[in-house]
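Here the structure comes first, spelled out in structure tokens, and everything after it is commentary.
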There are 2 protein chains.
Amino acid sequence: MLSKTAEYALRATIYIAQKGTEDNKLGIDEVAEGIDSPKSFTAKILQLLTQNDRVVSSVRGRNGGFYLTDRARKLPVRAILEAVEEEEVITKCVLGLKECSETRPCPMHLQYKAIKKQLKQLFEKTSIQQLVEESNKGNLFINNQKAPKKRS
Amino acid sequence: MLSKTAEYALRATIYIAQKGTEDNKLGIDEVAEGIDSPKSFTAKILQLLTQNDRVVSSVRGRNGGFYLTDRARKLPVRAILEAVEEEEVITKCVLGLKECSETRPCPMHLQYKAIKKQLKQLFEKTSIQQLVEESNKGNLFINNQKAPKKRS
DNA sequence: TTATAAAAGGATAAATTTGTCCTTAATTAT
DNA sequence: ATAATTAAGGACAAATTTATCCTTTTATAA
Ligand code: FES
Ligand code: FES
């Protein structure tokens with residue numbers, strides 16, 4: 001469905017949104033450990049997410065790290081996909097044809113378009129903040145570890 | 001969403017089901033041209049689809065080629081995904097966690113599970129034959145060419 | 001003002017996916 | 001039988017994705 005890059009981007013952003021604020025920034029080590037992802041690769045992906053004021057904010061140097069502004073929290077999840085250039089999942093033909101439309105439908109289009117629409121809704125109508133709120137309510141997971149990792 | 005391999009596998013199988021029968025087999029050249037895919041690569045993928053009596057049938061030598069048996073036409077589209085080992089799209093966590101379940105849900109699970117269910121239905125409840133029938137009714141496309149290619 | 005801590009950035013490497021080419025095996029028309 | 005035709009299979013190559021490492025820049029604590 002999504003590339004590793006997009007998966008890590010989503011997990012990292014949600015994790016940072018959950019735990020990070022402007023005066024409690026998260027370091028790359030904590031993020032990578034928190035979402036169970038390769039550290040250096042995750043750092044690269046966070047660069048995409050921070051570039052030109054996109055989704056994630058960052059500060060270098062001592063006490064630096066990653067966090068999300070209130071503005072960013074209101075962004076749709078789709079903004080994360082855009083940052084890693086993977087929105088096409090929302091628009092693409094399931095058979096990989098160059099065009100997907102009513103005027104040029106593939107044999108699966110009629111059935112697939114409903115799914116596509118819901119995917120679109122999922123990514124466009126859901127904000128990062130909403131996911132954080134849900135996480136606060138229920139007991140949700142964002143890594144593969146057995147129990148939430150204790151801070152040392 | 002799907003890999004090129006899976007996309008070509010779906011397109012090739014549907015195309016063969018549409019145009020090929022036991023006494024009108026299709027050659028790899030026609031298939032690749034018909035679905036707008038790289039010939040040699042498509043040949044490799046068709047090997048996966050023919051191996052141990054899976055989805056596509058083939059005969060070598062003069063008058064050889066690819067076709068679908070009546071049994072194969074009744075198979076769910078999922079059988080094609082299985083042949084290229086890509087069923088996981090139906091079961092995987094959208095954030096890439098190793099497990100996706102009610103007992104270990106990620107922050108998007110609640111919303112995504114409905115989509116997953118429909119994807120599952122699409123691939124399991126739809127048979128190859130059904131797609132062919134739909135194609136016969138409507139004017140559907142399975143390649144990127146402007147109009148259906150004339151046979152020379 | 002110096003040392004330390006952190007992200008940014010660049011180069012490179014490893015792994016996987018996608019794609020090609022050539023030989024082999026099988027079938028059939030001649 | 002022989003030649004022609006076609007898929008199968010193996011080896012390899014190109015492209016892309018995933019991942020690591022090292023240096024540079026920026027900020028702050030001491
Ligand atoms: S054309 Fe294939 S899904 Fe729309
Ligand atoms: S756990 Fe993530 S989609 Fe089910």
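- In the displayed structure, B/E85 atom CD is contacted under 6.0 Å by at most 12 heavy atoms of other residues, nucleotides or ligands.
- Between the NZ atom of B/K25 and the C1' atom of C/dA26 there is a distance of 13 Å, given to the nearest Å.
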*Show your reasoning for whether side chain to side chain contact (heavy atoms under 4.5 Å, CB included) applies to B/E102 and B/K113.*
CA-CA 9 Å; B/E102 297 303 315; B/K113 71 174 176 183; 3.4 Å; yes
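- Closest of all the heavy-atom pairs between A/L68 and A/A17 is CD2-CB, 3.9 Å.
- Residue A/K120 places its NZ atom among 12 or fewer non-hydrogen atoms of other residues, nucleotides or ligands, all under 6.0 Å distant.
- For the 3.5 Å distance criterion, the side chains of A/T50 and A/S58 fail to qualify, holding no donor opposite an acceptor.
- Closest approach of B/L131 to A/P107, counting heavy atoms only: CD2-O, 3.4 Å.
- Here B/L26 lies in heavy-atom contact (under 4.0 Å) with sugar-phosphate atoms only.
- With the nearest nucleotide of DNA chain D identified for both A/L2 and B/T50, B/T50 has the one nearer the 5' end.
- Straight-line distance from the NZ atom of A/K39 to the P atom of C/dA8: 14 Å, rounded to whole Å.
- Distance CD (A/E30) to C1' (C/dA7): 15 Å, rounded to an integer number of Å.
- For DNA chain D, the contact window with chain A, defined by any atom under 4.0 Å from a protein heavy atom, covers D/dT18 to D/dA29 in 5' to 3' order.
- One interatomic measurement links the two molecules: NZ of B/K44 to P of C/dC22, which rounds to 13 Å at whole-angstrom precision.
- Rounded to an integer number of Å, the gap from B/R60 CZ to C/dA29 P is 17 Å.
- Here the closest non-hydrogen pair linking B/L97 and B/C106 is CD1-CB, 3.7 Å.
- Nearest to the side chain of A/R62, among C/dA5, C/dA7, C/dG19, sits C/dA5.
- Nearest to the side-chain atoms of B/S40 among the listed nucleotides C/dT18, C/dA8, C/dC21 stands C/dC21.
- Using a 4.0 Å cutoff on non-hydrogen atoms, the parts of residues 8-18 of chain B near DNA chain C are B/Y8, ordered by number.
- At the phosphate of C/dA6, neither OP1 nor OP2 sits under 4.0 Å from any side-chain N or O atom of A/S58.
- A side-chain donor-acceptor contact under 3.5 Å links A/S3 and A/E86.
- Between B/F66 and A/K4, the residue anchored nearer the 5' end of DNA chain D, judged by the nucleotide with its closest heavy atom, is B/F66.
- Residues B/E82 and B/R54 are not paired through a salt bridge, judged by the lack of any N-O separation under 4.0 Å between the basic side chain and the carboxylate.
- If you measure from atom CD of A/Q51 to atom P of C/dA7, you get 16 Å, rounded to the nearest angstrom.
- When the P atom of C/dA8 is taken as reference, atom CG of A/D29 falls 14 Å away, rounded to whole Å.
- C/dT12 atom P lies 19 Å from atom CZ of A/F41, rounded to whole Å.
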